[in-house]
Each structure stands twice: as structure tokens, then as C-alpha cells.
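Below is one structure; the comments refer to it alone.
Please read all numbers here as calculations on a predicted model, not as lab measurements.
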Amino acid sequence: MTTTHPGTRPEDAPPIVPQGPARLALIAITIAVLAQILRLSGPQFAHLAESAGNATSIALILVVFLAGFAAPAIRAAAGPGGLLLAGAGGLLAVRLVVQALSPQPWLALLGTAVGMIAVVALYEAARGLSGVGFATATVAGLGVDTALRMAFGTWDPVWRSGPVEWAICLLLVGLGAAALARELSSGPVGAPGISWRDALGAAAFGPFLALQILVLSSPAFVASSGWQSLTVAHIAVATGQGLALAFLASGLAVRAVPGGVCVLGGTVLGVGAGAAAGAYAISGVAVVGIVIVGQVLAAWLLAVACRAPLRRAGDGGPVWRIDVGAALGGFLIAVMLVPYQLSAVGALPFPNNVLPGVAGIGLGALAAIAAARGGPLPARAPLRALVGGAAALVLLLGTLAFTLTKPSPDTPAADPSRLRVVTYNVHHGIDTRGRLDLAALARDIRRQRADVVLLQEVGRGSLLSGTTDVGVWLSRELGMHLIWGPAADGQFGNAILTSRRVLSSGSARMPKGDWSQIRGYVWARLDVGGRPVYVWSTRLDGGADRVADRQREIAALLRAWGGAPRTLIGGDMNSEPGSAEMSRFLDGTGLRASALGDYGPTTPEGKKIDWILGTDDLVFSDHGVHPSKASDHYPVAVTVRIGE
């Protein structure tokens, strides 16, 4: 039951509001597809920046996120039905085209622009529902989307073209198109007059969705920051979504509360999200609790904020004020996600934890605008709450599919006297064409029959990797243990994959004096023929002007190593042969390069910056650089034997 504005008269309400599951399905599917488009846009926008430059790409990105402000003109020209068709229908069409052509920068820009119009169209599709109805459909859509991508190990089906991926695409688009046709055939619901103050409630969808993509609905985020398995992480996310649905169904979500309570709720949400996300974040099991509680708080605040924009009658200004409020919400998605993505590759003037914190607080502030709207209060419905929460159990089918489809990799038998070692900067999983292609990375590693893989630029929930858990996907596909070491934040860093027994492991971050990307390293002590061998993976700062930074990072790494015997240190050192940095690594440290002579470049640009170093008690052979288009670096491999 909806609450009503004090100025609403019963006779002003339309006698018939389209009922049934079609309206909820349209909202849920549109939001699921919008989340997919925004996730695929992250890697594509990064690829665009590499080819067109940061200034040009940022300008283009901001323009497409402003596309929602064209909605009033679309409404004026084509009516409410035209707005729905352009937004929701256009987004479904883009999703189909992306599956057919694979993600590309121009499709990411187009999809984002149409998605911003779809954000506005959502409020047109939801009119006649309560704020709770809208929030329920939103959480359900995100839950189904998360379950689907969990079934694929968090690597979105949109990046692949197999029959199962196509079936998922056609199912989503088909159901969405049917729901859209049903909505259009039922005719528009009369729009209320609304003040600018109330129209701002529609902007709440922006910070809500940004938090969902970055933190709350990202199993990879929970797995990497919470140090949990991906299965446990998705169960935590699904639990939060289920509790949110139960709370919305209970009738408690729309009970009148003072605006200050909403501000308090948003502050708690923002502090929790900011504490769990970013370069200076907490980690461990506390992240699981933050995500579960955050789901409930975010859903409640969205339901409260959407009261005024979705009511069916009232006094005030024209309906396009709602369009402008929703368009502002769409732009707020960019305000949070774009700088957060930039923080993974460059400096911000503030810690990136601020961004999710501001999003949570902003969501609370926007909800406070509509918090004290009067009207009758709904009865509590504990049975409905129980049903709503229980219905969320279906989301665990994604985890079940993930578990049952685990591959059986053909792991070569280990030779106790040797190690085949590969170092590989995987560039977030993005290949030279800008595609997220984890299968190509796995093929490169398999060709080397590696026992140990030292990985850099590994995304585990990073926007640069489309929030995919690249580390877990490769570990699962190759049948190797994953040892993870966060660097820039909890979702981006270094990793080690190995088929050998791990005796101990650890990771740490390098010292840093500003808010730019923090470097780090990860190490493991492996059992090789009954003797321990230490392996380290790292990536040093890049750029000709960062020599001093690299020298400082090398010094920190050497101190952490401490001169232990039988040690391999590999990674992207961003340093050429003969450089001062490599001299610092090799002169008087007991380390030497694994390459016995000259060798080919390790990047397509002709640089030789990827290294495997080892102590004198190790014997190297078969060193090679293996050109590939799966990353902007080539894998470097060497065979290692323990000296007598």
C-alpha cells in the first residue's frame, strides 16, 4: 500500500493502474541490462582512454552520462510511450547488438547514453507503483543479474558468444520486450504535479546503482576484500538481497520517519561502503556484514526516496521535473564510478574511499527529501516478508551452477626437480582489442605448462575488469592455487597461481606518499622436491618520471625478501636492461636475471620490462618471451632447477 501526499485527492487517482508481473518484470530486466552495460563500459572506457587520451575520453564519457537530460525533449516529441520505447526498448536493443558484435568502445558509449535515458524511463514505467514496489523490482533485477553472472564465474556472458551465453541474452531481451509491449498496450498512468524538491527523490537511483555495481552486488568485491571464497561471497550478496526483499515486503520500509533518520541511515551506509572500498579499506569478514546490512539500508532508502516521484496524483509542476531528477541520478553514477576507476591507474587529490562514502550519504540525503510525506501507514506483513526473503533462495542457483560446472583441467604431472615459471602482466584481463578475454590468458598459460604463474594487474571486482574476479576465474580454469596480494585497492593487485604445495604466503603494499595508485607484492613459499622455494610477484611504478618511486619500491621489496635462498622474483618492473633500477635489483643482492642472453621485447611497443630474477642457487634454462594479443604484455617463461 502506498503512502499519499497530503495534497492528493482520491478522485485525482486514475481508476486503473496496470497490474500484474509485467510491470515489475520490465523494471527488473531493464535494471539488470543497465548494470551489464555499465560493467562492460568500464573496460571499454579504459581502452578508449589508451587510444584517444584521457582528456578526450573523459569528455566523451561525461557527455554520454548526461544523455538522460534529453528525456524531456523525447517526452515532448513522442509522449510517455515514446520515452519508454527509447529508454527501455533502446537498452534491450543495444544489449542484443553487443552480444552479436562483442563489446566495443562505440557500443559502450551508445549503450551508456541509452542507459541514462532508460534510467528516466524507469520512473515512467513504475508510475502507479509505490516506492517499495520500485525498490523491490530493482533489488530483484540486480539479484537475478548477480546470480546469472555468478553462474559464469563473474565473467559476464556479454563478453562471450557461446550458445549458453546467447540463450541468456535472448531470454533477457525477449522477456523485457514482452513486458515492454504489455506496458505500452496498457496506456500511460497519469503523472502527478511535483515540486523540484520532490523531483530530487528520483536522483536517488544514481548513487544506489553505483554502490550496487561497485560494492553491494559484486561477489568478486566481497571475495577479494573479505578474503572469502567466491561461493561464500555470492551467498553473502544473495543473503543481503534476500533480507532487503523481505524488509521491503514487510511494510516497514514505507512507514513515516523523520528525514534525519534517513540521513543517519545514509551516513551508516556511506561510512560502511567507504570503509570496505578503496585503497585504504578494511578487509576480512567484516566486509561480509557491511555488504549484507548495506543491501537492506540501500533498498530502504531507495524506496523512501521514490515515494514522491512515483505517486499518482498531487499538486505541483510539470512531469518533466521528474525526468530531470532521474537524469541527475544517472549522471551521479558517473560522478562516483568514473573517478573511482581513474584512481586505479592514476592519482586523485583525495583517497578514493571518499567516493562510496559520499554516494551512501547522498542516497540518505535524497531519501530525506521524501521521508516525512504523510498518509496512512501500511500494516506490517510478517508472512509477506517471509515469502519475500524465501523467494531470494532462487538466487543461489547461480552459485549452484558455478559449483556444478567446475572444469577439470589437465594439470601436467609435477617434476619434483624443476619448476616452469611464467610472469605475466594480464592488463586487467583486457586484450589488445579492448575485450575482456580470460580464455585467451588461460590458453597462454597452458601452452607453457607452468607450475608457477606470477601475475600482475589482476582484477578481482575492479571496474577495469568489468567487476570480474579474474584471479579466481583463472585459478579455477587452470586448476591452480590462487595467492592474492591487493595493491591499488582490494580489487586490483598481484597474484600467484601454482600447482605446487603452498607452505606459507603473504602480501604487502609499498610505501606511498600521495593518493595515487599504491604498488604491492605477493609471495609464497612452495614445496619443490622437499625443499622450500620462494616466489614473488610485483609490479613497479611506470613512467620515465617515476625512477625515484621505482627505486624506493625496489628497496622495500628487497628488505621484505631479506636475502632468503632459492628465491624467484618476477613481474612488470617497468625498467629496461641496463637501467639504474635493474642495477639496484642485481648489483650485490645475490639476484640475477633468468635470461642468459639477449631476448625479444616483452610488450608490443618493443620494451623489455618484464623480468624473472633468481638467486644463485637456482639454474635457469629455456627462457623465452611468447608474443600474444591477450594482454598489452607478453608472457615470459623460464625453466628453473634447484642447484646442487
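- Here the CG-CZ distance, from Leu214 to Phe221, works out to 6.5 Å after rounding to the nearest 0.5 Å.
- Distance alone, capped at 3.5 Å, is enough to place a donor-acceptor pair between the Ser224 side chain and the Arg460 backbone.
- Under the side chain to side chain contact (heavy atoms under 4.5 Å, CB included) test applied with Val453, the options Ile496, Leu482, Val426, Ile445 reduce to a single match, Ile445.
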Derivation of the side chain to side chain contact (heavy atoms under 4.5 Å, CB included) call for Leu110 and Val97
CA-CA 11 Å; Leu110 174 63; Val97 172; over 6 Å; no

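- Here the closest non-hydrogen pair linking Asp469 and Ala220 is CB-CB, 3.6 Å.
- No side-chain donor from either of Gln491 and Ser462 sits under 3.5 Å from a side-chain acceptor of the other.
- Across all non-hydrogen atoms, the minimal contact from His234 to Ala147 is NE2-CA, 3.8 Å.
- Ion pairing of Arg546 with Glu553 is absent here, as no side-chain N (NZ or NE/NH1/NH2) approaches a carboxylate O to less than 4.0 Å.
- Counting heavy atoms from C-beta outward, His427 and Glu50 have side chains that approach closer than 4.5 Å.
- Summarising the geometry, atom NE2 belonging to His47 is positioned 13.0 Å from atom CG belonging to Leu436; distances are rounded to the nearest 0.5 Å.
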Are Val98 and Val94 close enough, and set up right, to give a side chain to side chain contact (heavy atoms under 4.5 Å, CB included), and what steps lead you there?
CA-CA 6 Å; Val98 172; Val94 169; 4.0 Å; yes

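- Of the candidates Leu454, Leu455, Ile483, Ile483 is the only one forming a side chain to side chain contact (heavy atoms under 4.5 Å, CB included) with Val522.
- Of the possible donor and acceptor atoms, none in the side chain of Thr538 sits under 3.5 Å from a partner among the backbone N and O of Gly571.
- Panel note: side chain Gln44, backbone Leu107; no donor-acceptor pair is recorded below 3.5 Å.
- Contact of the Leu230 side chain with the Met150 side chain is registered, since non-hydrogen atoms from C-beta on lie closer than 4.5 Å.
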Kindly determine whether Phe45 and Leu337 satisfy side chain to side chain contact (heavy atoms under 4.5 Å, CB included), including the steps that lead there.
CA-CA 12 Å; Phe45 289 161; Leu337 294 188; over 6 Å; no

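- Between the side chain of Thr468 and the backbone N or O of Thr154, at least one donor-acceptor pair lies under 3.5 Å.
- Put simply, the side chain of Pro604 reaches to within 4.5 Å of the side chain of Tyr634, judged on heavy atoms.
- Using a 4.0 Å cut-off between charged side-chain N and carboxylate O, Asp431 and Lys629 make no salt bridge.
- In this model, a donor atom of one side chain and an acceptor atom of the other lie less than 3.5 Å apart for Gln36 and Asp145.
- Asp323 contributes no side-chain N or O that, together with a main-chain N or O of Phe69, makes up a donor-acceptor pair within less than 3.5 Å.
- In this structure, the separation between CZ on Phe492 and CG on Leu463 is 11.5 Å, given to the nearest 0.5 Å.
- No donor-acceptor pair under 3.5 Å is formed between the side chain of Lys608 and the backbone N or O of Pro577.
- For the atom pair CG (Asp572) and CZ (Arg519), the distance works out to 8.5 Å, reported to the nearest 0.5 Å.
- Nearest approach of Glu581 to Ile554, heavy atoms of both residues: O-CD1, 3.4 Å.
- The distance from the CG atom of Leu211 to the CD atom of Gln295 is 10.0 Å, given to the nearest 0.5 Å.
- Within the 4.5 Å cutoff, the side chain of Trp155 has heavy atoms near those of the Asp437 side chain.
- At least one side-chain heavy atom of Ile29 sits less than 4.5 Å from a side-chain heavy atom of Leu92.
- In this structure, Leu26 and Ala88 approach most closely via the heavy-atom pair CD1-CB, 4.2 Å.
- A donor atom on one side chain and an acceptor atom on the other are not found under 3.5 Å apart for Arg550 and Ser579.
- When all heavy atoms are compared, the tightest approach of Val144 to Leu395 is N-CD2, 3.7 Å.
- Not one N or O on the side chain of Tyr521 forms a donor-acceptor pair closer than 3.5 Å with the backbone of Asn494.
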Should Glu576 and Met582 be marked as a side chain to side chain contact (heavy atoms under 4.5 Å, CB included) after you check the CA-CA gap, both sets of side-chain angles, and the distance that decides it?
CA-CA 7 Å; Glu576 297 271 5; Met582 294 314 300; over 6 Å; no

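- Formation of a donor-acceptor pair under 3.5 Å by the Ser465 side chain with backbone atoms of His428 is found in this model.
- The CD1 atom of Ile117 sits 10.0 Å away from atom CG of Leu91, with the distance rounded to the nearest 0.5 Å.
- Looking at Leu40 and Trp159, their side chains come closer than 4.5 Å, going by heavy atoms from C-beta outward.
- Considering all non-hydrogen atoms of both residues, Asn574 and Leu540 come closest at ND2-O, 2.8 Å.
- If you check the side chains of Ser41 and Thr112, you find a donor sitting under 3.5 Å from an acceptor.
- At least one cation-pi condition fails for Arg75 and Trp320: the charged atom is not both under 6.0 angstrom from the six-membered ring centre and inside a 45 degree cone around its axis.
- Side chains of Val173 and Val33 form no contact here, defined as non-hydrogen atoms less than 4.5 Å apart.
- In terms of modelled atom types and a separation under 3.5 Å, the side chain of Thr423 and the main chain of Val636 share no donor-acceptor contact.
- With hydrogens and angles ignored, the 3.5 Å screen pairs no side-chain donor or acceptor of Ser225 with any backbone N or O of Ser283.
- In this structure the side chain of Ser161 never reaches within 4.5 angstrom of the side chain of Ser102, judged on heavy atoms.
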